[in-house]
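Residues: numbered from 1 along the sequence shown.
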Amino acid sequence: MRSGEELDGFEGEASSTSMISGASSPYQPTTEPVSQRRGLAGLRCDPDYLRGTLGRLKVAQVVLALIAFICIETIMECSPCEGLYFFEFVSCSALVVTGVLLVMFSLNLHMRIPQINWNLTDLVNTGLSTFFFFIASIVLAALNHKTGAEIAAVIFGFLATAAYAVNTFLAVQKWRVSIRQQSTNDYIRARTESRDVDSRPEIQRLDTFSYSINITVRQKLPTSPLSLNHWQLA
């Protein structure tokens, strides 16, 4: 039988061995920093965006689309109702999509989803909203019954069209600037990579070796056409 000291030593060796094997095991539970699992925590409103031109236009678009939608919803009787339904659909869709984009931009949530081109998304939304609000306002103005709610809906529809048109113009300019910056960054990255490749010694040795081989082959080849034919026949 083992004595008490031997058992204690054996248990100490076993525990140290298990600690070492556990530390080197690839199945260790990984601990992720808390900062990487923030989720939606730490959200802050961006006052600079809301005070800027695009932010103010977004707020104006949401307000105008909401008022136009409320005005069209207060109409109880219509004949025909196609223009009213179309205006209702356009104002509701513009309100929802623009409201989502306003929340994304004002809380900087778009920075967490870089896979989406948000400048192009904003440009498409403002362009389509401008077109459909303009068409819906014209149709509602042509088919209305001169009631107060319909007149108010038409007025706010044209105001929303103007707000979306201005935003579309600014979004086009911003999109062009982002395209230019991206092309410039790609050019700088390509130049940097080419310089890194040229500065690698193994690439330089390979170029020197290939150059020396070309020189040797050219020296061995005949120069005159007669000697070239003789060399080919031989």
Side-chain angles (χ1 to χ4, degrees), residues 40 43 45-182:
L40 296 178
L43 294 179
C45 182
D46 189 2
D48 294 333
Y49 175 78
L50 295 176
R51 285 195 294 262
T53 304
L54 293 177
R56 292 179 179 178
L57 283 174
K58 279 285 182 296
V59 174
Q61 291 163 11
V62 171
V63 172
L64 292 173
L66 178 60
I67 296 176
F69 180 73
I70 293 175
C71 291
I72 208 68
E73 286 296 317
T74 57
I75 300 175
M76 298 300 177
E77 296 180 359
C78 60
S79 179
C81 299
E82 287 79 8
L84 188 145
Y85 292 154
F86 181 63
F87 189 92
E88 180 183 7
F89 171 76
V90 171
S91 59
C92 181
S93 301
L95 173 63
V96 173
V97 177
T98 308
V100 171
L101 290 177
L102 176 61
V103 172
M104 296 292 291
F105 289 141
S106 61
L107 297 180
N108 287 328
L109 292 176
H110 65 289
M111 302 297 293
R112 302 190 180 187
I113 312 177
Q115 295 82 6
I116 301 177
N117 191 341
W118 292 102
N119 293 329
L120 183 59
T121 303
D122 185 29
L123 174 59
V124 172
N125 172 60
T126 53
L128 292 178
S129 298
T130 302
F131 175 75
F132 285 111
F133 247 125
F134 181 70
I135 298 299
S137 300
I138 290 178
V139 172
L140 185 62
L143 299 179
N144 63 22
H145 300 85
K146 309 300 181 181
T147 62
E150 290 177 337
I151 294 175
V154 170
I155 292 174
F156 284 105
F158 281 116
L159 291 177
T161 302
Y164 277 108
V166 175
N167 196 353
T168 302
F169 176 75
L170 296 178
V172 169
Q173 291 184 338
K174 187 177 180 180
W175 179 64
R176 288 180 177 177
V177 171
S178 64
I179 291 297
R180 292 176 183 174
Q181 291 179 352
Q182 184 177 0

- Run the side chain to side chain contact (heavy atoms under 4.5 Å, CB included) check on Tyr164 and Phe134 step by step: do they pass? CA-CA 10 Å; Tyr164 277 108; Phe134 181 70; over 6 Å; no

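- A distance of 4.5 Å separates CG in Asp46 from CG in Asn108, rounded to the nearest 0.5 Å.
- With hydrogens and angles ignored, the 3.5 Å screen pairs a side-chain donor or acceptor of Thr168 with a backbone N or O of Thr126.
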- Could you walk me through whether Arg56 and Leu50 pass the side chain to side chain contact (heavy atoms under 4.5 Å, CB included) check? CA-CA 6 Å; Arg56 292 179 179 178; Leu50 295 176; over 6 Å; no

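- We find the CZ-OG distance between Phe132 and Ser137 to be 13.0 Å, quoted to the nearest 0.5 Å.
- Scanning both residues, Cys71 and Ala152, for their nearest heavy atoms gives SG-CB, 3.9 Å.
- Using a cutoff of 4.0 Å between basic side-chain nitrogens and carboxylate oxygens, Asp122 and Lys174 are not scored as salt-bridged.
- Using bins of under 30°, 30° to 60° and over 60° for the plane-to-plane angle, the ring pair Phe105/Tyr49 lands in the tilted bin.
- The nearest pair of heavy atoms linking Val62 to Leu95 is O-CD1, 3.5 Å.
- With rounding to the nearest 0.5 Å, the separation of CG in Leu101 from OG in Ser106 is 10.5 Å.
- Residues Met104 and Trp118 come closest through the heavy atom pair CE-CH2, 3.4 Å.
- Using a 4.5 Å heavy-atom threshold, the side chains of Ile135 and Phe86 count as touching.
- Of all heavy-atom pairs spanning Thr74 and Ala149, the tightest one is OG1-CB, 3.4 Å.
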- Under the side chain to side chain contact (heavy atoms under 4.5 Å, CB included) rule, what do His110 and Ile116 come out as? Steps first, then yes or no, please. CA-CA 8 Å; His110 65 289; Ile116 301 177; over 6 Å; no

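- Taken from OG in Ser91 to CZ in Phe156, the straight-line distance is 12.5 Å, to the nearest 0.5 Å.
- Between the CG atom in Asn167 and the CG atom in Leu54 there is a gap of 5.5 Å [rounded to 0.5 Å].
- With hydrogens and angles disregarded, no donor-acceptor distance shorter than 3.5 Å links the side chain of Trp175 to the backbone of Asn119.
- In this structure, Tyr85 OH and Ile72 CD1 are separated by 10.5 Å, a value rounded to the nearest 0.5 Å.
- Annotation for Ala94 and Phe133: closest pair CB-CE1, 3.6 Å, computed over non-hydrogen atoms.
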- Task: Test side chain to side chain contact (heavy atoms under 4.5 Å, CB included) on Thr147 and Ile151 and set out the steps.
- Result: CA-CA 6 Å; Thr147 62; Ile151 294 175; over 6 Å; no

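- Here the closest non-hydrogen pair linking Ala165 and Thr130 is N-OG1, 3.2 Å.
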